Enquirer: 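Handing you a structure now.
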Amino acid sequence: MNLYLQMLAAAWVAVFIVDLSGFTDFWRALLARWLKTSPEWLRTVKPFGCSLCVTWWTCIILAACHGRLLEPGPWAAAAALAWFTGPIRAAAVRIRDAVLSLIQFTKHSQQ
């Protein structure tokens, strides 16, 4: 069960880093400047261009590290988590908005 919880956590971290933090746009801009090319061309570079790819490969690497690469369960979990990166992203945005609303409410109630 520990592997599946790690895979779930890895999916959340991948969605945050790739989709929400802006880190991938930052490193693409740096790499494009270094290569003297357009950052749009680098959008197609896999596996770091989308949270689905990052989640898939991270989960597969985790399964390999746990010695469970030949079992079908980790592969199915990796596929399911990669497929659910869209809903994970939506849930993360809702959680962020709720926390920000709570902070604003707390700020206004103290004044």
Side-chain angles (χ1 to χ4, degrees):
M1 189 62 174
N2 189 21
L3 170 64
Y4 297 112
L5 291 176
Q6 289 178 356
M7 291 170 106
L8 180 62
W12 277 85
V13 169
V15 166
F16 174 75
I17 290 174
V18 174
D19 294 337
L20 301 176
S21 73
F23 176 73
T24 53
D25 294 330
F26 174 74
W27 75 261
R28 274 192 203 117
L30 287 177
L31 188 59
R33 198 173 329 147
W34 184 65
L35 293 174
K36 297 178 178 39
T37 186
S38 165
E40 292 303 315
W41 175 78
L42 291 174
R43 284 199 185 280
T44 61
V45 175
K46 303 287 185 207
F48 306 112
C50 67
S51 57
L52 187 147
C53 297
V54 172
T55 299
W56 167 261
W57 288 112
T58 303
C59 290
I60 294 303
I61 290 168
L62 277 171
C65 289
H66 280 263
R68 298 181 60 191
L69 192 59
L70 298 178
E71 298 176 18
W75 287 87
L81 287 169
W83 187 49
F84 278 108
T85 54
I88 291 171
R89 179 179 34 250
V93 168
R94 276 189 237 118
I95 290 169
R96 180 193 63 196
D97 292 344
V99 169
L100 289 176
S101 295
L102 183 63
I103 291 170
Q104 289 296 333
F105 176 75
T106 306
K107 257 174 134 173
H108 290 319
S109 67
Q110 289 178 354
Q111 291 176 356

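Predicted model only: the values in this text are computed from it and were never measured.
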Enquirer: What residues form a salt bridge (Lys or Arg N to Asp or Glu O under 4.0 Å) with Arg96, not counting sequence neighbours?
Expert: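 If we apply the salt bridge (Lys or Arg N to Asp or Glu O under 4.0 Å) test to Arg96, skipping adjacent residues, there are no hits.
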Enquirer: Distance check, rounded to the nearest 0.5 Å: Met7 atom CE versus Asn2 atom CG?
Expert: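 It comes to 11.5 Å.
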Enquirer: Look up atom CD in Gln6 and atom CG in Leu8, then write down how far apart they are to the nearest 0.5 Å.
Expert: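 Nearest 0.5 Å value for the CD-CG distance: 11.0 Å.
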Enquirer: Work out which heavy atom in Ala14 is nearest to a heavy atom in Ser51; give both atom names and the distance.
Expert: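 What the structure gives for the nearest pair is O-CB, 4.2 Å.
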Enquirer: In Å, rounded to the nearest 0.5 Å, how long is the span from CZ of Arg89 to CH2 of Trp12?
Expert: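 Reported value, rounded in 0.5 Å steps: 11.5 Å.
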Enquirer: Is the number of heavy atoms from other residues, nucleotides or ligands within 6.0 Å of CG (Leu100) greater than 12?
Expert: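 More than 12 heavy atoms, drawn from other residues, nucleotides or ligands, come within 6.0 Å of this atom.
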Enquirer: Within the 4.5 Å heavy-atom criterion, are Leu30 and Phe26 side-chain neighbours or not?
Expert: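 Sidechains of Phe26 and Leu30: in contact.
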Enquirer: Let me confirm one number: the CG-CG distance from Leu52 to Leu81, rounded to the nearest 0.5 Å.
Expert: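 Reported value, rounded in 0.5 Å steps: 10.5 Å.
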Enquirer: So if you build clusters from Ile, Leu, Val, Met, Phe, Trp, Tyr with side-chain heavy-atom gaps below 4.5 Å, do Val13 and Phe23 land together?
Expert: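 Same cluster: Val13 reaches Phe23 through Ile, Leu, Val, Met, Phe, Trp or Tyr contacts under 4.5 Å.
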Enquirer: Is the shortest heavy-atom distance from the side chain of Ile60 to the side chain of Leu69 under 4.5 Å?
Expert: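 Heavy-atom side-chain distance check passes, below 4.5 Å.
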Enquirer: Applying side-chain contact (heavy atoms from CB on, under 4.5 Å), run through Val54 and Ile17 and close with a yes or a no.
Expert: CA-CA 10 Å; Val54 172; Ile17 290 174; over 6 Å; no
Enquirer: Identify, with sequence neighbours excluded, every residue that meets ring pair (Phe, Tyr, Trp, His ring centres under 6.0 Å) alongside Trp56.
Expert: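 Counting only residues at least two positions away or on another chain, Trp56 forms a ring pair (Phe, Tyr, Trp, His ring centres under 6.0 Å) with Trp75.
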Enquirer: Are any side-chain N or O atoms of Thr58 and backbone N or O atoms of Thr55, one a donor and one an acceptor, separated by less than 3.5 Å?
Expert: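 It does not hold such a pair.
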Enquirer: How many angstroms lie between atom SG of Cys50 and atom CG of Asp19, to the nearest 0.5 angstrom?
Expert: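 It is 8.5 Å, given to the nearest 0.5 Å.
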